[in-house]
Amino acid sequence: MSALSYQPILPRPAPRHASGALAWLRSNLFSDVKTGLSTIILGGLLLWFIPPFLNWSLFNAVWTPDVQACRAVQESAACWGVIAEKYRLIIFGRYPFDQQWRPLIATVLMMLMLVASCIRVFWKPWLAGSWIAVLTVFFILMYGNSLGLAKVPTDSWGGLPLTILLATLSIVMAFPIALLVALGRRADLPAIRVFCSLYVELIRGVPLISVLFMASFMFPLFMPPGLTIDVLIRVLVGITLFNAAYLAEVVRGGLQAVPKGQIEAAATLGLSYWQIQRKIVLPQALAMVVPSIVNSIIATFKDTSLVSIVSLYELTGALDMAINADANWKPFKLQGYMFIAIIYFIFCFSMSRYSQWVERQVNKSKLR
Amino acid sequence: MTEPIIKFEKLNKWYGNNFHVLRDIDLDVAPGERIVICGPSGSGKSTLIRCINRLEEHQQGKLFVDGVEMTDDIRAIDEVRKKVGMVFQQFNLFPHLTVLENLTLSPMWVGKMPKKQAEEKAMQQLQRVRIAEQADKYPLQLSGGQQQRVAIARALCLTPKIMLFDEPTSALDPEMIKEVLDVMVELANQGITMLCVTHEMGFAKAVADRVIFMDEGQIVEQNNPHDFFNHPQNERSKDFLSKILGH
Amino acid sequence: MSLKSAPKKKRWSWRSQAFRGLIYQIVAIGVIVLGVWFLASNTLTNMRVRGIQSGFDFLNQPAGFSIGESLFPFDSAESYWRAFWVGLANTLRVAVVGIILATLLGTVIGIGRFSRNALVRGLCSTYVECFRNIPVLLQLLMWYLLLTEMLPSIQNAWQAGPFFLSKGGFNYPIPIWQAGHAWALAGLVIGIALAWLYHGWARRQFEATGIIKSMFWVPLGVVLASALLAWLLGGAPSALDSPVKGEFSVENGGALTPEFLAMLLGLTIYTASFISEVVRSGIASVSRGQTEAAAALGLDPGLEIRLIVLPQALRVIIPPLTNQYLNLTKNSSLAVAIGYPDLISIANTAMNQTGRAVECIAIVMAVYLTISLLTSLLMNSYNKRVAIQER
């Protein structure tokens, strides 16, 4: 057999029945009898439930803060008027009504900083400095007592600004602790290793609520007599210690994944222990565990809802406070819950999408 | 002229809508024939042999394996898979089973063979590839070359009529390639039909009845090894040979 | 020139790594000890100033409060110690049932994400994204609201035969214990033993002849038939204590309170979304080459999953799965927000009544730590046993 008969064949598009919308439908929804049946049953169930739900939640719902209108449609439609009426209480908690422009600006600033920190363009040295500046502005705006702003004590802070503040500060403070503890668990010095391991295992073995109770009830006892600590600070310390333990485990996973040869090579170049960790090990370790770190951040964000059990009125607590006392709007509490559920969902879903994006970027650097 | 044991008739395959990976393949493989398929990466060589045991599906054209037409029919596919053994580039041994269990898995569960008989057969195959003493080890305790030989023995336990090799030595360290190639040469001399995708041209020269060169989804040139290596006809074949035989 | 022995090292030099390490550790221990001493002395001073007593003796005093639901009888004259046990039993009750249900639901959804049907895949993904991104406390509160506001009142309870569902909870009939039930239980045990023997026999048959025997339906049938037979022999007792709608509540029968139901629903649905992710990544961790090799050997999809995919996937699934179980158990502590009397609720009440914050929190943390440690130990030993042998 010779090759003189070789004629190059140009690529052709796939035959029509193997591609296109109809083909996708066929292979994904009706590929065989069982699949087709389940599609029909599930599709039928969805068609049964979704239109009435849309009617209830969107088309027939009441959007204006009108109690009468809401009561009139109570059985058959949602009353989003409760949100229209109470949204400022829900989002800002007990913050004085006329001063609510302050937490608004503070929260917007904080969120802008958070978003900026996620974009590669902004990863410059002055980012840390601007963080400190924004945090200072945040506290001045919220607390006041200077620059002509009225003082607002921390137990009046609430709602979304409190949620974001707790989540952001506790992560920012937990991170250095987590790094040290993770390095400590892998250190050659037994005393430090034991102490760090005990800390991590102790915290990871107990629920957050018990740590919050400890912060709330026991921290005042730990302080010298006469010194009182703000409840916000106590809770913040509790959440920070809690997060630091979980983050330490995540970082430790990353440290374990860095090949030993890296440390050996760095040591032969004459670098000290701290230089090696700072310049060689930690950058690689952290890059590997970014998705887990973002998961930790998402979990922290959701965990802030627990502080409502120790009387700090973040988003969930603010909702209870706003609606429980008002007999007019109490029947519509479910809509209130759905509202803050959507807020949480938006935050957490965006963060998890961001983490997937970061993972793709990291993997891109590994493809040839 | 005996019936070909594998017959491709104008076979075409696409990945998705636009990637035309196999173009109008016409190929007849006689029983007992030993074929080496070579070509640049992305040319569709692995895809071609994976169509034979339906690890890949073709969209156009026909494929006959030992008289059975390869379609969506599950029974046809099962029948064919019992007669075709395959050796993968990444070995794909089952790490949670011992070497012996890897080999007796198919005869016991698919071939409905009693355990003792399956184990005897497995030991025979292990001796054939000269690795019988590792029967009770786990795959990850063996070296790459040993693992690939176990993989060959595992495929042989089916008593296949056709053996497919998908770049069997590409994932091995150089010093282990020889032990695997030796086993393959022995196998080739025992009359089994072999299709082997490989870059090991020494193996092709020693054993192949036919060398097929593929590029961009097409069979560009096929010839006996001597003529192919010494008098390549096509520009692309010459180019490819110069690259791989050069060093 | 030859070296007779290694040159002597200066032991106490600052340049020696071992010496430096020792100093660092001594400093660290010193700092920790100082810190603990500082906190402890402050605590003792504060407690003296505020007149708070310390010690665990309060556990023997009568509790002075009653508990909404408990597995064993409890009234306000019982001791705090017993109250804590009631709380622990409640915690374990909701945790164990929640773990079982969440595993089933999570596994189904995790496998559903690999379905050929795009609708099934989409629904499963939506479920996971929806329930993963909302805090569990909020979900618990919403379920509690639905169960206590949206369900009909007891007078208008939904009824399906002897089952009632209302704001008061879920009521179901329980069989009245008679001798025949002991027979049925004995029959069940015998049935399980018989099924075990069958299992061994079927395996030997398979190895001897290659014929695959049914390993699931036949043993199941044997167990059920044996229990049924024994029940019949024992007189087929079928008397049920059925719930009956009374004036203010549903009487008789067994009851699940709305608090328990809200905890169960919330925890199950939340944890199932995480378990489904664990199952999904476990199945995805088995490389495609394994399934291709199995297919090339002629194994059908059922055997492929049973013999190749599942054993390897389980090794990857079990550690994070036990982590989720621990999370569910820890999340059950949120019961304090909806009034389910779990361990932390009871500790909270005790703390408020006696002022012994340190002791109560210590008890609670010790209990949870024990549960976590036991689970970790079990999981570590399981991991060692099934680890894939490498060089």
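Remember, it's a predicted structure, so these values are computed and weren't measured experimentally. When reading the values below, keep in mind they use all heavy atoms of this one structure, side chains included, and skip hydrogens, waters and symmetry mates. Chain A is the first sequence line, chain B the second, and so forth, proteins listed ahead of strands; every chain is numbered from 1.
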**Prompt:** What part of B:Phe88 gets closer than 4.5 Å to chain C, counting heavy atoms only: side chain, backbone, both or neither?
**Reply:** side chain
**Atom CG of C:Leu224 with >12 non-hydrogen neighbours under 6.0 angstrom** = yes
**Request:** Report the distance from atom CD of B:Glu101 to atom CG of C:Leu307, rounding to the nearest 0.5 Å.
**Result:** 10.5 Å
**Prompt:** Which one, C:Leu303, C:Val386, C:Ile211, leads in non-hydrogen pairs under 4.5 Å with chain B?
**Reply:** C:Leu303
**Message:** Counting only heavy atoms not in C:Arg116 (residues, nucleotides, ligands), do more than 12 fall under 6.0 Å from its CZ?
**Reply:** no
**Message:** Heavy-atom cut-off 4.5 Å, strictly under: side chain, backbone, both or neither for B:Val110 against chain C?
**Reply:** side chain
**Message:** Working to the nearest 0.5 angstrom, can you tell me the gap between B:Gln117 CD and C:Glu207 CD?
**Reply:** 14.0 Å
**Asked** Is C:Glu292 close to B:Arg50 at the side-chain level, that is, under 4.5 Å between some pair of heavy atoms?
**Response** yes
**Request:** Measure B:Leu93 against the heavy atoms of chain C and call it side chain, backbone, both or neither at under 4.5 Å.
**Result:** backbone
**Heavy-atom pairs under 4.5 Å with chain C, option from B:Leu158, B:Asp78, B:Asn53 with the top count** = B:Leu158
**Item:** Approximate separation, where rounding is to 0.5 Å, of B:Arg81 CZ and C:Asp300 CG
**Value:** 10.5 Å
**Asked** For the candidates B:Gly111, B:Ala151, B:Ser106, which exhibits the highest count of non-hydrogen atom pairs separated by less than 4.5 Å from chain C?
**Response** B:Ser106
**Prompt:** What part of B:Met108 gets closer than 4.5 Å to chain C, counting heavy atoms only: side chain, backbone, both or neither?
**Reply:** both
**Asked** Within a strict 4.5 Å, meaning less than it, do heavy atoms of the B:Gln90 and C:Ser287 side chains meet?
**Response** no
**Message:** With a 4.5 Å cut-off on side-chain heavy atoms, are C:Arg306 and B:Trp109 touching?
**Reply:** yes
**Message:** Just so I know, are the side chains of B:Arg154 and C:Leu297 near enough to count as touching, which here means a heavy-atom distance under 4.5 Å?
**Reply:** yes
**Request:** Quick one: do C:Ile308 and B:Leu105 satisfy side-chain contact (heavy atoms from CB on, under 4.5 Å)? Show the steps, please.
**Result:** CA-CA 10 Å; C:Ile308 308 296; B:Leu105 187 75; 3.7 Å; yes
**Prompt:** For C:Ala208, is it the side chain, the backbone, both, or neither that has a heavy atom closer than 4.5 Å to a heavy atom of chain B?
**Reply:** backbone
**Request:** Answer yes or no: is there a donor N or O on one side and an acceptor on the other, between the side chain of B:Asn92 and the main chain of C:Gly289, under 3.5 Å?
**Result:** yes
**Request:** Could you tell me which portion of B:Lys82 (side chain, backbone, both or neither) has an atom closer than 4.5 angstrom to a non-hydrogen atom of chain C?
**Result:** neither
